[in-house]
Amino acid sequence: MPLRFKIPINYDLDLDSTLDGGQSFNWRSGNDGVWLGLIENLPVKLSIDKIQSGSVVKAEYKLSPAQVDLDRLKLYLDLDTPYEAIRNRLNSDSNLKSVIKSIPKFNILNQDPWQTLVSFILSTQSNIPRIKRNLEDISIFGKNLVTAFGLPFYKFPNPHELAAMGENKLRALGLGYRAKNLGTVASLISENSFNIKIVSAMSYDDAKQYLMTLPGVGPKVADCVLAFSMGHTSAFPVDRWVSRGVKRMYSSTLKYSDPDISNWGREKFGDDAAYVQQMIFYYERWVRGRD
DNA sequence: TCCCAGGGGAGTT
DNA sequence: AACTCCCATGGG
């Protein structure tokens, strides 16, 4: 018995760029703007209807009502944040105004911290198709299969399960040098040497410092985890695309290091920093493309 | 073949 | 603090 929800919101929301725009790597698109994935390990089918006053988010589960956490779905998609007000605010910046005009209207996700940490540990010196494949291979190797909508879904391994795979198996899956960091991080968390459950409640500075004690987690990976799974919208993750975009739009002559640009973004945009960062990333990566 | 990919970390100056 | 180099690997 399918369980269907319709959630109206008073702004436009584009699912393609939200679920497949570099924040998340585990959604697959079906036909007609339909997306299939797991939220809290529950298979769900998502789509959007445009209406006069904004959008209607449609979600379908193959579950009993007791199993579904509608609030978690709304938090995952960040539906209660006033995105129209954010965009209006940022339009006062002439650089951002032209960016906003040419990119889809996406939200910033609140994903599972553990899965997001793994995703961005795997992202270093990699590319989005490969990150997706690595995560899928890890999930398939975990062998925790559920079937919904006539399709297989592999639940993401928990820290204990991932630690049990071991560095050698992870390396055999094609993770490269990242296998060592990931294996170590999984072990640290599964044996309670690192408590990822408390990070969400920490301040930005404390959480970032704590995350960066993990191998394979530097300032950029930590900022992505903070922004895309812990609601720290004051984070400003800087990769080569964001670095390139900021330099091009705001200071073509001066040269800044990545940490300099991250601090600049945090000071300039405050609690809008993560939104701005993702806008610049999306624009630079997919609209403007390579030089 | 060379270059790049949502970087991090160790070593050197 | 800033600057190299290397870490594996697949794809263009």
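Throughout, a chain's letter reflects where its sequence line sits, starting with A, and its residues are numbered from 1.
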*asked:* Over all strands shown, is A/Val242 touching base, sugar-phosphate only, or nothing at heavy-atom distances under 4.0 angstrom?
replied: base
*Provide, to the nearest angstrom, the distance between the NZ atom belonging to A/Lys220 and the C1' atom belonging to B/dG9.*
16 Å
*Can any side-chain N or O of A/Gln209 pair as donor or acceptor with the backbone N or O of A/Asp206 at less than 3.5 Å?*
no
*Using a cut-off of 4.0 Å on non-hydrogen atoms, how would the nucleic acid contact of A/Gly216 be classed: base, sugar-phosphate, or nothing?*
sugar-phosphate
*Could you give the CZ-to-P distance, from A/Arg285 to B/dA5, as a whole number of Å?*
8 Å
*Of the nucleotides B/dG7, B/dA5, C/dT9, which one has an atom closest to the side chain of A/Arg130?*
C/dT9
*Interatomic distance where CD belongs to A/Gln125 and P belongs to C/dC7 [whole Å]*: 13 Å
*Between atom CG of A/Asp80 and atom CG of A/Asp71, what is the distance when rounded to the nearest 0.5 Å?*
8.5 Å
*Looking only at side chains, do A/Asp137 and A/Tyr154 share a donor and an acceptor under 3.5 Å apart?*
no
_Rounded to whole Å, please give me the gap between CG in A/Asp239 and P in B/dG8._
10 Å
_Integer-rounded Å distance: C/dG10 P and A/Ile128 CD1_ = 19 Å
*asked:* I need the residues from residues 173-189 of chain A with at least one non-hydrogen atom less than 4.0 Å from DNA chain C; give them sorted by number, or say none.
replied: A/Gly176, A/Tyr177, A/Arg178
*Is the shortest side-chain N/O distance from A/Arg171 to OP1 or OP2 of C/dA8 below 4.0 Å?*
yes
_Please give me the minimum heavy-atom distance between A/Leu145 and A/Pro152, naming the atom from each residue._
CD1-CB, 3.5 Å
*In terms of the nearest nucleotide of DNA chain B, which residue is placed more toward the 5' end: A/Arg240 or A/Leu214?*
A/Arg240
*Between A/Asp20 and A/Asp16, is there a donor-acceptor pair closer than 3.5 Å when you use the side chain of the first and the backbone of the second?*
no
*Contact class for A/Pro215 (heavy atom, under 4.0 Å): base, sugar-phosphate, or nothing?*
sugar-phosphate
*asked:* Rounded to whole Å, please give me the gap between CG in A/Asp258 and P in C/dA2.
replied: 12 Å
*asked:* Dot-bracket for DNA chain C, please. Rules: Watson-Crick or G-U, both distances under 3.5 Å, ( ) within the strand, [ ] when a pair crosses earlier ones, | for another strand, . otherwise.
replied: |||||||.||||
*Does the separation of the ring centres of A/Tyr282 and A/Trp241 fall below 6.0 angstrom?*
no
Please output the side-chain donor-acceptor pairs of residues 268-276 of chain A that fall under 3.5 Å, not counting sequence neighbours, one pair per line with the distance.
unit_1	atom_1	unit_2	atom_2	d
A/Asp272	OD1	A/Arg89	NH2	2.9
A/Asp272	OD2	A/Arg89	NE	2.9
A/Asp272	OD2	A/Arg89	NH2	3.4

*asked:* Please report the distance separating the P of B/dG11 from the corresponding atom of C/dA8, rounded so that it comes out in whole Å.
replied: 15 Å
*Looking at A/Glu136 and A/Lys132, does any basic side-chain N land under 4.0 Å from a carboxylate oxygen?*
no
_Is it the case that atom NZ in A/Lys62 sees more than 12 heavy atoms from other parts of the structure closer than 6.0 Å?_
yes
*Donor-acceptor pair between A/Ser47 and A/Asp49 side chains, under 3.5 angstrom*: no
*For A/Tyr256 and C/dA1, what is the distance between atoms OH and P respectively, to the nearest whole Å?*
18 Å
*asked:* Can you measure A/Asn127 atom CG to C/dA8 atom P for me and round it to whole angstrom units?
replied: 18 Å
